[in-house]
Number of protein chains: 2
Amino acid sequence: MSSAQRLPTMADVAERAGVSPSTVSRALRGLPSISSEVRARVEEAARELNFAVSRQAASLVTGKTGVVAALVPTLNSWFHGSALSSLGPLVRAAGMELSVYLTPDMAERTAFFERLPARRNADALVVFGFDLTDEETVRLDDLGMPVIYVSQHAEGRPSVYVDDVEGAWKATRYLLNLGHRRIAFAPTVGTNGFCFSSRERLLGYRQALTEADIPLDDGLVVTMAFEDRRNIEEGVGKLLSLREPPTAVFAEMDELAIAIIHFLRRARVRVPEQISVIGFDDHQIAQWTDLSTVAQSPSDMGRLAGELALELIHDSGADRKRHLVLPTHLIPRSTTAPPAAPQRDEEDR
Amino acid sequence: MSSAQRLPTMADVAERAGVSPSTVSRALRGLPSISSEVRARVEEAARELNFAVSRQAASLVTGKTGVVAALVPTLNSWFHGSALSSLGPLVRAAGMELSVYLTPDMAERTAFFERLPARRNADALVVFGFDLTDEETVRLDDLGMPVIYVSQHAEGRPSVYVDDVEGAWKATRYLLNLGHRRIAFAPTVGTNGFCFSSRERLLGYRQALTEADIPLDDGLVVTMAFEDRRNIEEGVGKLLSLREPPTAVFAEMDELAIAIIHFLRRARVRVPEQISVIGFDDHQIAQWTDLSTVAQSPSDMGRLAGELALELIHDSGADRKRHLVLPTHLIPRSTTAPPAAPQRDEEDR
DNA sequence: CTGAAAGCGCTAACAA
DNA sequence: TTGTTAGCGCTTTCAG
């Protein structure tokens, strides 16, 4: 509605309060060296004029932008959405702004690392869930600001992540404890070239099986493409048509687990009676559908990364190599159960 | 890694390229009045020094911040995640930054409208999916920048939204066409006080029934709290224990529909054979689980809102009251079917 | 405790 | 086509 009328400046406030601009500046920033009487007068004048400090002007002299930047491949995902949802308010509470850089595809990603648009426009960068090349990591080093890595280990640089190997190990171990011996693993890949933590989770899965003296069977590892219904359907078909089908499936992420359950049930396979399914994430929908899963907390990661960022911004002597490894928790719900007592013969009974 | 060494300024680039700072400014902004020879030299110098323009300094003189701000209740939601995922790259492509304000709870929301932190820190604000009070809307009017409303009608102000009434009408009409007569509606509420489009969708649902001469039955409208598994479970129980249970359920959002289907199946009710379920959104998971739904496109909304914002920023004469109403599409998948020929008697058979 | 003055890095007249 | 000059609105010495 209102058009480009000139916004009030500190000088306006100063005049109205009958003091100098520097006094206004000090009063508004809550510096101690201001008499409470003057402070009150300044604050009132500011309110009356609807005055807001120009961050641009302030940062020009302080050298701080008052901005925390976040780099995410997409926001259209439970993980990143949750992480930023906790990072945002934290940044706000510190009186700073949250700036978001999205790189949904390879072109955007390349452009980001080429131009580094965040340079000079933020005081810290939080990088979420990328699988960065060494080259990219090095590039970020001369961004001139602290860079915090979330959901990935960055050697010698501040990082926050969960132990994916252990998480996958727990899921697999749990299924073994229930009595399962034929356990499938369904890793997933994104269409946009971004990968999740398949590698680590596969490792944990294998480790648990090996410890239990169960031979690895590559036929039980079936990648199912994220975002492709047909592909998931076929993957499920592949598992069901094995000579010896699995009695349990560990899906790399909850959303995939939900889809797998859907196709199993459509094929008249009962979950968990005939096949158990467990996911990874503890996505909200896992609660709603009572899905067994391994919980990780992206919101904790976002929060910790934010705190780390603020600390690195304000205390240049802070430890710049800190790694925070968060725990995962097994959450057994109703999509897992012991295998049916007799090794079932396919459709029979 | 690298610490707070002084970043190169335009003066540094100018010196290195052997020209004046203003020439550097012009060259880097791609203004026409620069010989290509000089431009090349400047660009090279800038690259060598790893120079990036300080937006702060530039905006101080231009009066533009180069920032588009987005106000969202949370990012932890399919709708907002998708919308911002399309808004972000668009803003970047225009050479601007995306700044995000999150108001996960009432306190943050109040604080935002009280302090209007976006003022002076952005050139436009895109407000997503709030159910704003008149007071809040008016407050945004004197923000000193164009404000674009997404997923809500704001009288006399630019808005982008879908016709929820019509969408709900389509879903209900489709179920009627299949032969259903007992159709339930499951609206949902968020725990954080933010509501979705329940009101409009209820209207559409009722309208379709009325047109079909089917009496409205409030027992068939059961609100199920978003984010509360138990509550959804109970809601499903409520429907199943009606004297005359529904043969179809229209859920306000896909995620709720998925949960409803889950509990129906757990109760040994076959979907869609015994009860049809349809959602609203066309959430990604709807594809994976083959859920019938009414599609809306938050990414289209984000894109259109972004384009509108850019237009309003650059062309102050643009129409500031434009309303863009996007279509919804019925997507029949496999969770809906005609009702079973004989009216089933509960558990029987 | 408060004011005056200088300058942060850039762009936009105005000259040349 | 390029250089010179004067600020943009704020914070920060340094005086008082």
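Just so you know, these numbers come straight off a predicted model, no measurement behind them. Letters A, B, ... mirror the listed sequences (proteins, then strands); counts begin at 1.
Atom CZ of A:Arg26 is separated from atom P of D:dC10 by 15 Å (rounded to the nearest Å). Residue B:Gln56 contributes atom CD, which lies 16 Å from atom C1' of C:dG7 at whole-angstrom precision. With rounding to whole Å, A:Arg41 atom CZ is found 9 Å from C:dG3 atom P. Between A:Glu37 atom CD and C:dT2 atom C1' there is a gap of 12 Å when expressed in whole angstrom units. A:Phe51 places its CZ atom 10 Å from the P atom of D:dG9, with the value rounded to the nearest Å. Atoms CG (A:Leu31) and P (D:dT12) sit 8 Å apart, rounded to a whole Å. Between A:Met10 atom CE and C:dA4 atom P there is a gap of 16 Å when expressed in whole angstrom units. Between B:Leu60 atom CG and D:dA6 atom C1' there is a gap of 13 Å when expressed in whole angstrom units.
Proximity of a side-chain donor or acceptor of A:Arg39 to a complementary backbone N or O of A:Leu31 within less than 3.5 Å is detected.
Residue B:Thr9 is classed as a sugar-phosphate contact, given heavy-atom separations below 4.0 Å to backbone atoms only. B:Ser33 comes within contact range of at least one nucleobase, with a heavy-atom separation under 4.0 Å. Looking at heavy-atom distances under 4.0 Å, B:Ser54 makes contact with sugar-phosphate atoms alone, never a base.
Between D:dT1 and B:Ser35, no contact under 4.0 Å exists linking OP1 or OP2 to a side-chain N or O. Phosphate proximity of D:dT2 to B:Thr23: absent, as no side-chain N or O sits under 4.0 Å from OP1 or OP2. An OP1 or OP2 oxygen of D:dT12 is reached within less than 4.0 angstrom by a side-chain nitrogen or oxygen of A:Arg29.
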Does A:Val53 form a side-chain contact (heavy atoms from CB on, under 4.5 Å) with A:Met10? I'd like the steps, not just the answer. CA-CA 8 Å; A:Val53 177; A:Met10 264 191 185; 4.2 Å; yes
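The aromatic rings of B:Tyr161 and B:His153 sit parallel to each other, their planes meeting at less than 30°, with 60° as the upper class boundary.
Contact of B:Ser22 with D:dT4 (side chain to base): a donor-acceptor pair of N or O atoms is detected under 3.5 Å.
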